[in-house]
**Q** 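Let me begin by handing over the structure; questions about it come next.
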Amino acid sequence: MTTPYTFSQNAYAGDLQKTYAHLGDGEESGANVAIAGRVMLLRRQGKLAFGTMRDSTGEIQLFALSQVTTEFESFVKLHLGDWVGVRGEVVRTQRGELSVKVAQWELLAEARHNFGEKWSGIADVDLRYRHREADLWANPETRKALTLRSDVIRAFRERLWAGGFLEVETPMLNVMATGASARPFTTFHNSLDSDFFLRIAPELWLKRLVVGGYERVFELGRVFRNEGLSPRHNPEFTMLELYVAYWDYKDMMAFVEETVSGVAIDVLGTTEITYQGRSLSLAAPWEKKTMAELTSAAVGEDVSVHSSLEKLSSLLLERNATVEKSWGTGRLLAELFELTCETDLWDPIFVTEHPVEVSPLARRHRDDEALTERFESYAVGRELSNGFSELTDPDDQRKRFEDQARLAAAGDEEAMGIDEDYIRSLEWGLPPTAGLGIGIDRLVMLLADVSNIREVIAFPTLKPLRD
RNA sequence: GCGCCGAUAGCUCAAUUGGCAGAGCAUUUGACUCUUAAUCAACAGGUUCCGGGUUCAAGUCCCGGUCGGCGCACCA
C-alpha cells in the first residue's frame, strides 16, 4: 500500500467546532479546509456516508456523498482507525452536526488492527500499558491524564522561568548513589572499566551548582530507585528539584504552597479538586505542624526526639512495628509518625522539624540541634514534596555521612556513603540555601484524579513477557 | 518477595451443580440520500493464558507456571 509522504493540513477539528459554532442546521459556510485524523466511526446510508474523524484537538463529522466525494465506494470501505486526509467545505448537516463535506480524500495510514469497542474502550490493562498507542486511541481518559501530565510540567517550567530559575542537567550515571535513601540500579561502563549507579536524586550536584554561583537552579528529570512496584511506585519517576540561595525552609514552604496551587489553577483552573470521590483544597496557605505535634496527637501522649528510647520503642512495638537496635530516638519518632499519621493527612499540610537522624542533608534547626529545618508536604495521605534549609557546614556534613556509613555497615542498604567530593564542594562555600523536591508523577495523579501511577506514565515499567 | 483475585472470538463480556463454546461490536457480503454507538439481512470468526492431573465428560475441579490487578513489605 502506498501512502502519501505529506498532507497539507490547514485546520483542526476542535478549532472548526469553535469557529463554526454559529453555523445553522443545513447551512454551508463556503469555507474549504483540509483536515486529517483517524476515522473513529463510519455510518453508511446508501449513497451518503457519515464518519467521525478525530485529530489531536477533537472530533468532527465527515459527510460524504456519492455525487460529491471522489472514490466514494472506497471511502465507505475505510476501516475504523484508518488515518485520512480530507479536503472539503465546512457545513452543518440538516440534523445539526458540524461536518466537512468530503470533496477529495486520501488514505494516510491503514489501521490493520482495530477495536470494535466504540463505547467500552480497552479494558485489558496489560494491553493498555504495553501498547499505550492503542490505549490513547481507544480511551479518551488516557489521553486526558497524559496530556495533563504535560500541562503540569509546562506550568512548572513557566513558573520557574518567570521566577528567575536556571534549568540545568546533572549526571544520571554516578559513582555513588546519593542524595536520598534508596537502593540504586547498577550499570557498567566498558571503556572506563567501572561500575556506575543510576541516580536516585540530583540533589548534591544541584547544590554544587549553587556553590558555583547559580543562585536559583532547577532540574526536572528522571530518577531511578530499585524498589518494589506498586500503584504509587514506578522504578523510574520524574522529580522536580530546585534550590534557592539565601532562602530557608520557611521561604520554601511559602513557595511550595503558592506554586503547587498556582499550577493547579494553570492546568485545571481551580484549586478545589476531588480525588477519588473526596474533595480537597490546594489553596494556600497550607496547615503547618511539627512531626512531634502530629505524632503526639496520634498516640495520645507527648512524644518527641527527646523522648526516651524505651518509650518510643514500646509505642512502636505496641503497634506491631519492627524496631532496629541501631535506631535512635529520631528514627523511632519518624517511624512512629509514618505509622500513625501519614495516611490520615488528607488536606495539604506541611509536616516540619524532622529529626537530624533521618535528615542527613538538612541543616540543623536553629532552636534544637536534634532537629532539622525540614518539611514534607502531604496530601491525600501521601508525601508530595520534601524540602529543607540545606546543610552548608562541611564539618557537620562529614559527621552526618559518617553516621550514614555506620548504618550502611550495620546492613542498611539505603544508607548513604561518605561523599568526599561533595564535602570538598561545601568547603568552597555553599551560601544559605533552601532546597525542594517534588514527585511530579504523584502530583499529576492527584490533579488527574487517578489511583494508579501507571495512568500518568506513558510507558510504565512492566514485567517483561517471557518467550 | 508474600497473600488474595483475574485471564473465554480482533475488542467488550456471558456460559446454572462438571454436561454440545455464546452475544454485541469489529471484519466479510448485501440493502439503504441526513446519520449520530445509524438501522436491517447474511456469512465467517475459538490452543477458553501455558503445562500437567482428576473424571465417562473440564472454560468450570486439583497441581505447577506466565502476565496483570489489589493489599502487605520497601519507598516518593
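The sequence lines fix the lettering, A, B, ..., with proteins before strands; numbering per chain opens at 1.
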**Q** With rounding to the closest Å, how many angstrom separate the C1' atoms on B:C32 and B:A38?
**A**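 Roughly 11 Å separates the two C1' atoms.
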**Q** What nucleic acid atoms does A:Leu462 come within less than 4.0 Å of, heavy atoms only: base, sugar-phosphate, or nothing?
**A**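 Sugar-phosphate contact only - A:Leu462 comes under 4.0 Å of backbone atoms but never of a base.
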**Q** With P as the reference atom in both, quote the distance from B:U66 to B:A23 in angstrom, rounded to an integer.
**A**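 Straight-line distance between the two P atoms is 35 Å.
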**Q** Rounded to whole Å, how long is the line connecting atom CD of A:Glu97 with atom C1' of B:A38?
**A**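 Rounded to whole Å, this separation is 13 Å.
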**Q** Between A:Glu236 and A:Arg225, is there a salt bridge with N-O shorter than 4.0 Å?
**A**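 So A:Arg225 does not pair with A:Glu236 through a salt bridge.
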**Q** Can you sort out which residues in residues 51-79 of chain A have a heavy atom within less than 4.0 Å of RNA chain B? Ascending by number, please.
**A**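 Contacts with RNA chain B under 4.0 Å: A:Gln61, A:Phe63, A:Gln67, A:His79.
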**Q** Which residues, if any, of residues 29-43 of chain A bring a heavy atom under 4.0 Å of RNA chain B?
**A**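 RNA chain B contact set from residues 29-43 of chain A: A:Leu41, A:Arg43.
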**Q** Got a list of protein N/O to nucleotides 5-12 of chain B N/O distances below 3.5 Å?
**A**
| unit_1 | atom_1 | unit_2 | atom_2 | d |
| --- | --- | --- | --- | --- |
| B:G10 | N2 | A:Gly116 | N | 3.2 |
| B:C11 | O2 | A:Glu117 | OE2 | 3.2 |
| B:U12 | OP1 | A:Ala123 | N | 2.9 |
| B:U12 | OP1 | A:Asp124 | N | 3.1 |
| B:U12 | O2' | A:Ser120 | OG | 3.4 |

**Q** Determine the Euclidean distance between corresponding C1' atoms of B:U16 and B:G59; express it in Å to zero decimal places.
**A**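 The answer is 14 Å between these two C1' atoms.
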**Q** Can you tell me if A:Gln45 touches the phosphate of B:C34, counting only side-chain N or O atoms and a distance under 4.0 Å to OP1 or OP2?
**A**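 Yes.
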**Q** Please evaluate residues A:Trp346 and A:Tyr378 with respect to the criterion ring pair (Phe, Tyr, Trp, His ring centres under 6.0 Å), reporting the C-alpha separation (whole Å), side-chain torsions for both, the decisive distance (0.1 Å), and the verdict.
**A** CA-CA 7 Å; A:Trp346 184 267; A:Tyr378 285 83; over 10 Å; no
**Q** Would you say A:Asp135 and A:Thr142 are linked by a side-chain donor-acceptor pair, where the criterion is simply a distance under 3.5 Å?
**A**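 Distance-only check passes for A:Thr142 and A:Asp135.
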**Q** Quick one: A:Arg199 CZ to B:A76 C1', roughly how many Å, whole number?
**A**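 These atoms are roughly 15 Å apart.
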**Q** For RNA chain B, list all stems, counting runs of three or more consecutive pairs where every pair is Watson-Crick or G-U wobble with both distances under 3.5 Å.
**A**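 Detected stem regions: B:1-7 with B:66-72, B:10-13 with B:22-25, B:28-31 with B:39-42, B:49-53 with B:61-65.
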**Q** Using a heavy-atom cut-off of 4.0 Å across all strands, would you classify A:Gly46 as base, sugar-phosphate, or nothing?
**A**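 Base contact.
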**Q** Identify the pairs formed between an N or O of the protein and an N or O of nucleotides 72-74 of chain B at a distance under 3.5 Å, and give each distance.
**A**
| unit_1 | atom_1 | unit_2 | atom_2 | d |
| --- | --- | --- | --- | --- |
| B:C74 | O2' | A:Glu414 | OE2 | 3.0 |

**Q** Can you spot which of A:Arg208, A:Lys207, A:Arg374 makes a salt bridge (charged side-chain N to carboxylate O under 4.0 Å, His left out) with A:Glu390?
**A**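 Option passing the salt bridge (charged side-chain N to carboxylate O under 4.0 Å, His left out) with A:Glu390: A:Lys207.
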**Q** Which part of the nucleic acid, if any, lies within contact of A:Arg44, taking any heavy atom under 4.0 Å across all strands shown: a base, the sugar-phosphate backbone alone, or nothing?
**A**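 Base contact.
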**Q** Within this structure, what is the CD-to-P distance between A:Glu203 and B:A76, rounded to whole angstrom?
**A**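 To the nearest whole Å, that distance equals 12 Å.
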**Q** Looking only at heavy atoms, which two atoms of A:Val102 and A:Val68 are closest? And how far apart?
**A**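 Taking A:Val102 first and A:Val68 second, the nearest heavy atoms are O-CG1, 3.7 Å.
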**Q** Map A:Glu383 and A:Leu48 onto RNA chain B by nearest heavy atom, then report which one ends up closer to the 5' terminus.
**A**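 Nearest-nucleotide comparison on RNA chain B picks A:Leu48.
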**Q** Using the P atom on both, measure B:C74 against B:G51 and round to a whole Å.
**A**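 Looking at atom P only, B:C74 and B:G51 are 39 Å apart.
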**Q** Expressed as a whole number of angstroms, how long is the span from A:Glu455:CD to B:G68:P?
**A**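 For the pair A:Glu455 CD and B:G68 P, the rounded distance is 15 Å.
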**Q** Indicate yes or no: does A:Glu167 engage A:Arg157 in a salt bridge with an N to O separation below 4.0 Å.
**A**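 Result for this pair is yes, salt bridge flagged.
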**Q** Once rounded to the nearest 0.5 Å, what's the spacing between atom CG of A:Leu345 and atom CZ of A:Phe337?
**A**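 Here the rounded value is 5.5 Å.
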**Q** Run through A:Val450, A:Ile440, A:Val380, A:Asn452 and flag the one making a side-chain contact (heavy atoms from CB on, under 4.5 Å) with A:Met445.
**A**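 Of A:Val450, A:Ile440, A:Val380, A:Asn452, side-chain contact (heavy atoms from CB on, under 4.5 Å) with A:Met445 is met by A:Val450 alone.
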**Q** Sequence neighbours excluded, which residues qualify as side chain to side chain contact (heavy atoms under 4.5 Å, CB included) partners of A:Gln404?
**A**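 Counting only residues at least two positions away or on another chain, A:Gln404 forms a side chain to side chain contact (heavy atoms under 4.5 Å, CB included) with A:Pro360, A:Leu407, A:Ala415, A:Met416.
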**Q** Take the protein atom CZ of A:Phe224 and the nucleotide atom P of B:A76, then report the distance between them rounded to whole Å.
**A**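 Rounded to whole Å, this separation is 17 Å.
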**Q** A:Ala405: what forms a side chain to side chain contact (heavy atoms under 4.5 Å, CB included) with it, not counting sequence neighbours?
**A**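 Partners of A:Ala405 under the side chain to side chain contact (heavy atoms under 4.5 Å, CB included) test: A:Ile418.
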**Q** How long is the straight-line distance from CG of A:Leu160 back to CZ of A:Phe255, given to the nearest 0.5 Å?
**A**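 That separation rounds to 5.0 Å.
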**Q** Which residue pairs pass the ring-ring contact (aromatic ring centres under 6.0 Å, His included) test when at least one of the two sits in residues 85-118 of chain A, sequence neighbours left out?
**A**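 Every ring-ring contact (aromatic ring centres under 6.0 Å, His included) pair that includes a residue of residues 85-118 of chain A, provided the two are not neighbours, is A:Phe75-A:Trp105, A:Phe115-A:Trp137.
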**Q** I need the residues from residues 442-451 of chain A with at least one non-hydrogen atom less than 4.0 Å from RNA chain B; give them sorted by number, or say none.
**A**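 Under 4.0 Å from RNA chain B: A:Arg442.
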**Q** Any idea which heavy atoms bring A:Leu371 and A:Val356 closest together, and the distance?
**A**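 Closest pair (atom of A:Leu371, atom of A:Val356, distance): O-CG2, 3.3 Å.
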**Q** What pairs meet the ring-ring contact (aromatic ring centres under 6.0 Å, His included) rule with one or both residues in residues 81-104 of chain A, with sequence neighbours excluded?
**A**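 Qualifying pairs, neighbours excluded: none.
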**Q** I'd like the P distance from B:C20 over to B:U48, given in whole Å.
**A**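 It comes out at 15 Å once rounded to the nearest Å.
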**Q** In whole Å, what is the span from the CD atom of A:Glu236 to the P atom of B:A76?
**A**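 These atoms are roughly 17 Å apart.
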**Q** Output the rounded distance in Å from CG (A:Asn452) to P (B:G68).
**A**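 Rounded to whole Å, this separation is 12 Å.
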**Q** Could you tell me whether A:Arg128 and A:Glu455 make a salt bridge, using a distance below 4.0 angstrom between a side-chain N and a carboxylate O?
**A**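 Salt bridge present between A:Arg128 and A:Glu455.
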**Q** Just one of A:Glu241, A:Glu219, A:Glu203 clears the side chain to side chain donor-acceptor pair (under 3.5 Å) bar with A:Thr170, so which one?
**A**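 Of the listed options, the one satisfying the test is A:Glu219.
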**Q** Verify whether one side chain among A:Ser326 and A:Arg331 offers a donor that lies under 3.5 Å from an acceptor in the other.
**A**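 Result is no, nothing qualifies.
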**Q** Sticking with atom P, work out how far B:C5 lies from B:C63, rounded to a whole angstrom.
**A**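 So the two P atoms sit 11 Å from each other.
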**Q** Under the side-chain hydrogen bond (donor to acceptor under 3.5 Å, both in side chains) rule, collect the residues that match up with A:Glu133, sequence neighbours excluded.
**A**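 By the side-chain hydrogen bond (donor to acceptor under 3.5 Å, both in side chains) rule, A:Glu133 matches A:His131.
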**Q** What's A:Asn234 touching, base or sugar-phosphate or nothing? Going by heavy atoms closer than 4.0 Å.
**A**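 Contact class for A:Asn234: base.
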**Q** Find out whether the Lys NZ or Arg CZ of A:Arg132 is both under 6.0 angstrom from the six-membered ring centre of A:Phe459 and within 45° of the ring's axis.
**A**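 Ring-cation test returns no.
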**Q** Please measure how far the P atom in B:A31 lies from the corresponding atom in B:C67, and state the result in whole Å.
**A**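 It comes out at 50 Å once rounded to the nearest Å.
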**Q** Expressed as a whole number of angstroms, how long is the span from A:Leu436:CG to B:A76:C1'?
**A**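 Spelled out: CG on A:Leu436 to C1' on B:A76 is 13 Å.
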**Q** Could you work out the separation of B:C70 and B:G64 based on their C1' atoms and round it to a whole Å?
**A**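 B:C70 and B:G64 have their C1' atoms separated by 23 Å.
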**Q** How would you label the contact of A:Arg130 with the nucleic acid (heavy atoms, under 4.0 Å): base, sugar-phosphate, or nothing?
**A**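 A:Arg130: backbone/sugar contact only, no base atoms under 4.0 Å.
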**Q** What pairs with A:Phe388 under ring pair (Phe, Tyr, Trp, His ring centres under 6.0 Å), at least two apart in sequence or on another chain?
**A**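 Expected list: none.
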**Q** Specify the closest pair of heavy atoms between A:Thr340 and A:Ala298, including all atoms of both residues, with the distance to one decimal.
**A**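 Heavy atoms only, the tightest pair is OG1-CB, 3.6 Å.
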